[in-house]
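None of these values were measured; they are calculated from a predicted model.
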Amino acid sequence: MYRPASIRFSTQSRQKHRPLRRRLAKFAAIQGQMAYDHKKIEAEWQHRWKEQKTFRTETGGTRPKYYVLDMFPYPSGAGLHVGHPLGYIASDIVARYKRHCGFNVLHPMGYDSFGLPAEQYAIQTGQHPAKTTEENAARYRAQLDRIGFSFDWDREVRTSDPAFYKWTQWIFLQLFNSWYDPRADKARPVSELVARFESQGCHGQDASVLTGDVEEFIGEFSAAEWNSFDERTKQMVLQRFRLAYLSEAWVNWCPALGTVLANDEVKDGVSERGGHPVERKRMPQWSLRITAYAQRLLDGLDGLDWSESIKEAQRNWIGRSEGASVRFPIGDDFIEVFTTRPDTLFGVSFLTLAPEHVLVPKFTAPERKAEVEAYVSTAKNRSERERQAEVDKVSGVFTGSYAKHPFTGADIPVWVGDYVLGGYGTGAVMAVPGGDQRDWRFAKHFGLPIIAVTEGADVEKEADERKDATICSEGFLKGLKVPQAIRRAIEELEKIGAGTGKVNFRLRDAAFGRQRYWGEPIPIFYKDDIPYPLPESALPLVLPEVDKFLPTESGEPPLARAKNWTYEGHPLETTTMPGWAGSSWYFLRYMDPKNAERFASKEAIEHWGQVDLYVGGSEHATGHLLYFRFWTKFLHDLGLVPFDEPAKKLVNQGMIQGISMMAKVQASTKDGEEHYLVVPPNSTAEGTFERNYLVDHVVLRDGKHWIDEAGAGKTRDVAAFRGFHLSAPSIELKPVVEKMSKSKFNVVNPDDIIEKYGADTLRLYEMFLGPLEQSKPWDTNGIEGTFRFLKKFWNLFHVGAGQEPSVPSTHRVDPTAALSEEAPSSDELKILHATLKKVTEDIPKMSFNTCVSQFMIAVNELHALKCNKRAVLEPLTIALAPFAPHIAEELWHRMGHAESISTAPWPQWEQRHLEESSFTYPISFNGKMRLQLEFPLTLDAKAMEAAVLANPEVQQRLEGKTPKKVVVVPKRIVNIVV
RNA sequence: GCCCGGGUGGUGGAAUGGUAGACACGAGGGACUUAAAAUCCCUUGGUCCGCAAGGGCCGUGCGGGUUCAAGUCCCGCCCCGGGCACCA
């Protein structure tokens, strides 16, 4: 299977430099067959794994299952950089390790292939997003293949594939056809709700699940009334219960772009792209009632083996707070507020409504109408982000109306202020300036009364928000501690019917419609403007062809351009699902990816169960991971999956950052054109700013980074530098660690690394870089170490023992793999078993950097012992296989095995090889280590203390003094206190 | 402001309360070589004393504390990264 050297070097002939080739050829001739040729080995094994479907997984069998999942990537046009595979390498190590341990491992990969960039590209070029997606996925696949992952590609899924999104649409229909029953605390079919309405009507008991910022309970009705409702009314009532429902939601509408923008696409009230004005507008929107699951999403976190920071982020996002809802009567109506501090009710000096509160117009006194309307319209058009950013600017307006205090009956002025958010709670607050700093600022600004609510508060200076204070405001709560006062206040509110205890969540329902083309069509049609679900038989509802990927002239989504976008003559929904739809359930599809009858068979779901290990970036902390859990809980409620959390263990890999080369430039205008002058990096002159430089052509001189002429010349093509003036023959650059990104010119492509060092080296190096969870900058320089390690490991098999280690190993010619069948020495066994122990213990901890360093120690030591014994190297090769699979597979083969190394059982470490008869004790004086003494482990503490004190060097250090105390910790340390 | 991480040599990092700096990069020195590459060996936290062997002192962001013993535990700060935020 090995080609002669001369032919082998034909692979090198692509290299341009002939002299180099000649030199390499000579080198290869010396090395014969024994050199570590990563290119050949990796290409060969990747080919064989593919041919023989080594990593194909069958559902079922008697082996225990293990499901290792990576967050699948969006296939962007930029391809992979070295940061992307970090998590995949880690999960691949675990997958391979678990296979060695006898598990049936599911380790799939696919693409989250619906998304904005492909659509944006389509708008600009007319290229169909399906085509770009296809090309990008092919490129990703080629890059991933070169790293040697053990994915079962037969199970690949793509969210944009109709065979996949058929089931995304199917799940949407289940959501549409379900409501949340608060008594059973789970989702149930809407048909059951209808049956109940038909027999008992509705008496408000289900109202607690109604959510959304415009949702209001429709009111009570009897069975007879329900039966007399017309179809439209019935459907409208049911809308309020469905888990997928059509409502109106505030969106960032950009008329110039004719599209809805995400919050982060809006900067300072204008679109980030193009700078067009953006207005907040109410539009019909499909939403998912995730809020019905708020409590379960919160409770479920406790049992998960996820990082504390992610769990905490989800808890904050869900934002549960306990308090009371209080009604303040006003005229024939009332204003409902939510408060966590009903104990401060006697400190209320005004109410504040959010500008978008529906009752603002009603409660505005005629003489104040103009002023209030003006305020509302400006406040409303400020983005939420803006309103939240400017904490110092207090603004508001008095409505001219007064509400009644529920306990005292006092007149409470009603104000409008944009510090109150429309989307949280009821969109209204009872303002207690003595107990809430925001209310206090508002009161100070407008000269409203500030009542002290707690003892010891200095309300002239600030509000007192302590939760262990004693209430001092006049009324029945006076003298009570805050917690008791809260309970008492709620009791009293409930007694007089002015309020109730209430739990409020920050979590809002999830907007589920996008005015976009490249997403799953929502399987809904409209009859008389009432939304109806498509029958299952009509799925998949395939994305139609359109002439342009832009919204229509009248502002409808791109799907409105499609011809015959109807179902049985009725218009179909024209918005599409958001990016997170497919990723909310894709883990189930991997279990049974080809199933045409069901999203995945019952057997497959039962066999594979929850994801045992989920690896991905922490940027999905509150988005994807929340929806992922929500959909799983929903499918569980319908009895479709037996578990209600998707992933038991979650690990977030850190970001691999790039080192950017920053230059300081100064803009100037010459002949009406912008010019850039490169200035010293510490310059603070006006008009200076920083720009990234190409990392190529950077030279280190005098401890500083410089770019040479060639590099500077190349950079001239970058728009920002066009026509700049060089202030020196070369430019000084400042290295900065930041996110790896094409636009920062700091991307490192794994293909280049693999070309030079091989996939095994890349894999080892990415793991060696540091703890998986930590973010760290990529520095290709360090890679030599892992490359050398692999060569050294390889050489253990190929240079016989008995030769002088000082002879460079590449110069020793030994054409056959020289493995000794001799029994290993106890030293050799100790190295082997110490390594097996460390690796076996550290893989489950996901501590891969320490595994790699242990391998290095083992190889260094075995090298020093000139060990080439099969009994040592064979188990070591298996242990290394998850990390560096190609070289391990190759050596395994050379050792005479026909089966893939991935089928080899994991070698067990044995304590007996690690036992020591003695221990070298550090002897410290007052905690400072001074000398070392070796003692047999059988020696007891007392005898050891005597032996230590008898030692001449210890005696000398004691200078005749008697130690106060001697601490002897067996197998650890001896400490002499003087 | 709140929540979660983190701060250790020139660099990435290691260390169940028990010898701080494993392992690796880089740097310096040496071997091999016509030469280079590759490989191998040695040194490498700072500082001071010594011709040397060797030894002293300082040292894990800062200040306290607990302990025979603290990078590790406790209290109070500072800084960096990430997330959330007029959340009532």
Side-chain angles (χ1 to χ4, degrees), chain A residues 20 23-24 27 30-31 35 307-313 315-317 319 321 323 337-341 352 387-394 417-421 423-432 435-439 441-442 504-506 618-619 621-622 654-655 657 703 737 765 768-771 773-786 788-789 791-792 795 804-812 847 849-850 852-857 860 863 920-932 963-969 971-978:
Chain A
L20 175 72
R23 273 187 281 145
L24 286 169
F27 169 56
I30 296 167
Q31 294 204 328
S307 77
E308 208 40 54
S309 59
I310 294 280
K311 290 207 262 186
E312 211 39 49
R315 287 189 191 108
N316 290 338
W317 192 261
S321 47
V337 304
F338 173 75
T339 176
T340 54
R341 297 290 302 276
T352 315
R387 268 161 66 173
Q388 289 162 6
E390 291 161 19
V391 179
D392 302 328
K393 281 189 203 157
V394 176
D418 71 357
Y419 77 96
V420 178
L421 300 177
Y424 182 78
T426 60
V429 300
M430 56 175 227
V432 183
D436 183 288
Q437 193 55 31
R438 292 158 305 180
D439 297 340
R441 266 201 308 264
F442 196 84
N504 196 57
F505 291 95
R506 192 179 81 90
S618 56
E619 65 272 22
T622 49
M655 203 182 356
Q657 296 141 318
V737 172
Y765 185 56
F768 188 60
L769 229 38
E773 283 101 327
Q774 227 167 73
S775 289
K776 53 237 156 184
W778 177 268
D779 177 8
T780 303
N781 288 330
I783 204 167
E784 292 287 346
T786 49
R788 276 177 211 151
F789 157 74
K791 283 190 280 191
K792 215 163 166 179
N795 285 342
E804 275 304 305
S806 61
V807 175
S809 57
T810 46
H811 287 213
R812 301 185 214 154
S847 175
N849 55 330
T850 51
V852 177
S853 90
Q854 180 62 40
F855 282 125
M856 288 175 169
I857 293 168
N860 286 344
H863 189 91
T920 305
Y921 282 89
I923 311 296
S924 55
F925 288 74
N926 294 332
K928 283 179 187 164
M929 204 280 283
R930 282 294 119 95
L931 65 145
Q932 295 188 327
K964 272 193 213 151
K965 192 174 175 185
V966 179
V967 181
V968 177
V969 185
K971 257 197 118 172
R972 286 257 177 263
I973 204 169
V974 176
N975 191 18
I976 300 166
V977 187
V978 194

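Backbone-only contact: A/K791 has heavy atoms under 4.0 Å from sugar-phosphate atoms and none from a base. Residue-level contact check: A/P771 touches the backbone only, with heavy atoms under 4.0 Å from sugar-phosphate atoms and none from bases. Note on A/K311: nothing from the nucleic acid sits closer than 4.0 angstrom, heavy atoms only. Within 4.0 Å (heavy atoms only), A/N504 reaches no atom of the nucleic acid at all.
In this structure, A/E312 and A/R315 approach most closely via the heavy-atom pair OE1-NH1, 2.9 Å. Scanning both residues, A/V429 and A/V420, for their nearest heavy atoms gives CG2-CG2, 3.8 Å. Residues A/Y765 and A/W778 share a closest heavy-atom pair of CD2-CH2, 3.5 Å. Taking all atoms of both residues into account, the shortest heavy-atom contact from A/D439 to A/M430 is OD2-O, 3.8 Å. Residues A/S924 and A/I973 come closest through the heavy atom pair OG-CD1, 4.0 Å.
With sequence neighbours left out, the salt bridge (Lys or Arg N to Asp or Glu O under 4.0 Å) criterion links A/R438 to A/D436. Under the rule for a side-chain contact (heavy atoms from CB on, under 4.5 Å), the partners of A/V967 that lie at least two apart in sequence or sit in another chain are A/K965, A/V969, A/N975. Listed by chain and number, the residues in a ring pair (Phe, Tyr, Trp, His ring centres under 6.0 Å) with A/F855 are A/F883 (sequence neighbours excluded). Taking the side-chain contact (heavy atoms from CB on, under 4.5 Å) definition, one finds that A/P963 meets it with A/L949, A/L958, A/V966, A/I976, sequence neighbours left out.
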What N/O pairs connect the protein and nucleotides 1-10 of chain B at under 3.5 Å? Give each pair on its own line.
residue: B/C4; atom: O2'; partner: A/S309; partner atom: OG; Å: 3.4

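Here B/U44 sits opposite B/G26 as a Watson-Crick or G-U wobble pair (both hydrogen-bonding atom distances under 3.5 Å). Across every strand in view, B/U34 sits unpaired, with no contact that passes the Watson-Crick or G-U test at under 3.5 angstrom. As the counterpart of B/C84, B/G1 is assigned, both hydrogen-bonding distances of the Watson-Crick or G-U wobble pattern falling under 3.5 Å. Base pairing of B/U66: no nucleotide in any strand meets the Watson-Crick or G-U wobble criterion (both distances under 3.5 Å). Across all strands shown, B/G50 forms no Watson-Crick or G-U wobble pair with both distances under 3.5 Å. In this structure, B/U72 makes no Watson-Crick or G-U wobble pair, since no nucleotide meets both defining distances under 3.5 angstrom.
Atom CZ in A/F855 sits about 14 Å away from atom P in B/A24, given to the nearest Å. Rounded to an integer number of Å, the gap from CZ of A/F789 to P of B/C23 is 14 Å. Between the P atom of B/G21 and the CD1 atom of A/I857 lies a distance of 13 Å, rounded to the nearest Å. In this entry the distance linking CZ of A/F768 with P of B/G12 reads 13 Å, nearest Å. In this entry the distance linking CG of A/D418 with C1' of B/A88 reads 15 Å, nearest Å. Nucleotide B/G82 holds its C1' atom 8 Å from the CE atom of A/M655, rounded to whole Å. Rounded to a whole Å, the CD atom of A/E619 is 11 Å from the C1' atom of B/G82. Atom NE2 in A/H863 sits roughly 10 Å away from atom C1' in B/C41 (whole-Å rounding).
Taking atom P in both B/C25 and B/A35, the straight-line distance is 25 Å, to the nearest Å. Taking atom C1' on both B/A70 and B/G64, the two are 14 Å apart, rounded to the nearest angstrom. Of the P atoms belonging to B/A27 and B/U11, the separation is 15 Å, rounded to the nearest Å. Remark: the separation of the P atoms in B/G45 and B/C23 is 12 Å, to the nearest Å. Look at the P atom in both B/U8 and B/U60: the space between them is 11 Å, to the nearest Å. Using P as the reference atom, B/G83 and B/G28 are 41 Å apart when rounded to the nearest Å. Comparing B/A14 with B/G71, their C1' atoms are spaced 11 Å from each other, to the whole Å. Taking atom P on both B/C79 and B/U67, the two are 32 Å apart, rounded to the nearest angstrom.
With B/A88, B/C25, B/U19 as the candidates, the nucleotide lying closest to the side chain of A/N781 is B/C25. Distance from the side chain of A/S853 is smallest for B/C23 among the nucleotides B/C23, B/C40, B/G26. For A/W317, the side-chain atoms get nearest to B/C84 when compared with the rest of B/C84, B/G26, B/A15. Candidate nucleotides B/A20, B/G26, B/A88 were compared by shortest atom distance to the side chain of A/E784, and B/G26 ranks first.
Note on ring orientation: taking the six-membered ring where Trp is involved, the planes of A/F442 and A/Y419 are tilted (angle from 30° to 60°).
Residue A/R788 places at least one side-chain N or O closer than 4.0 Å to OP1 or OP2 of B/C25. A sub-4.0 Å separation between OP1 or OP2 of B/A24 and a side-chain N or O of A/N860 is present.
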Classify every nucleotide of nucleotides 52-68 of chain B by which part a protein heavy atom approaches to under 4.0 Å, writing B for the base, S for the sugar-phosphate alone and - for neither, in 5'-to-3' order.
-> ----SSS---------B
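Along RNA chain B, the nucleotide nearest to A/R341 and the one nearest to A/K776 differ in position, and the one closer to the 5' end is contacted by A/K776. Place A/T786 and A/Q657 on RNA chain B by their nearest nucleotides, and A/T786 ends up nearer the 5' end.
You'll find the side chain of A/P771 reaches within 4.5 Å of the side chain of A/N849, heavy atoms only.
With no hydrogens or angles considered, a side-chain donor-acceptor pair links A/S847 and A/T850 at under 3.5 Å.
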Would A/F338 and A/S321 count as a side chain to side chain contact (heavy atoms under 4.5 Å, CB included) if you check the C-alpha gap in whole Å, the side-chain angles of each, and the deciding distance to 0.1 Å?
-> CA-CA 10 Å; A/F338 173 75; A/S321 47; 3.8 Å; yes
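Under the 90° criterion around 0 for the glycosidic angle, B/G82 counts as anti.
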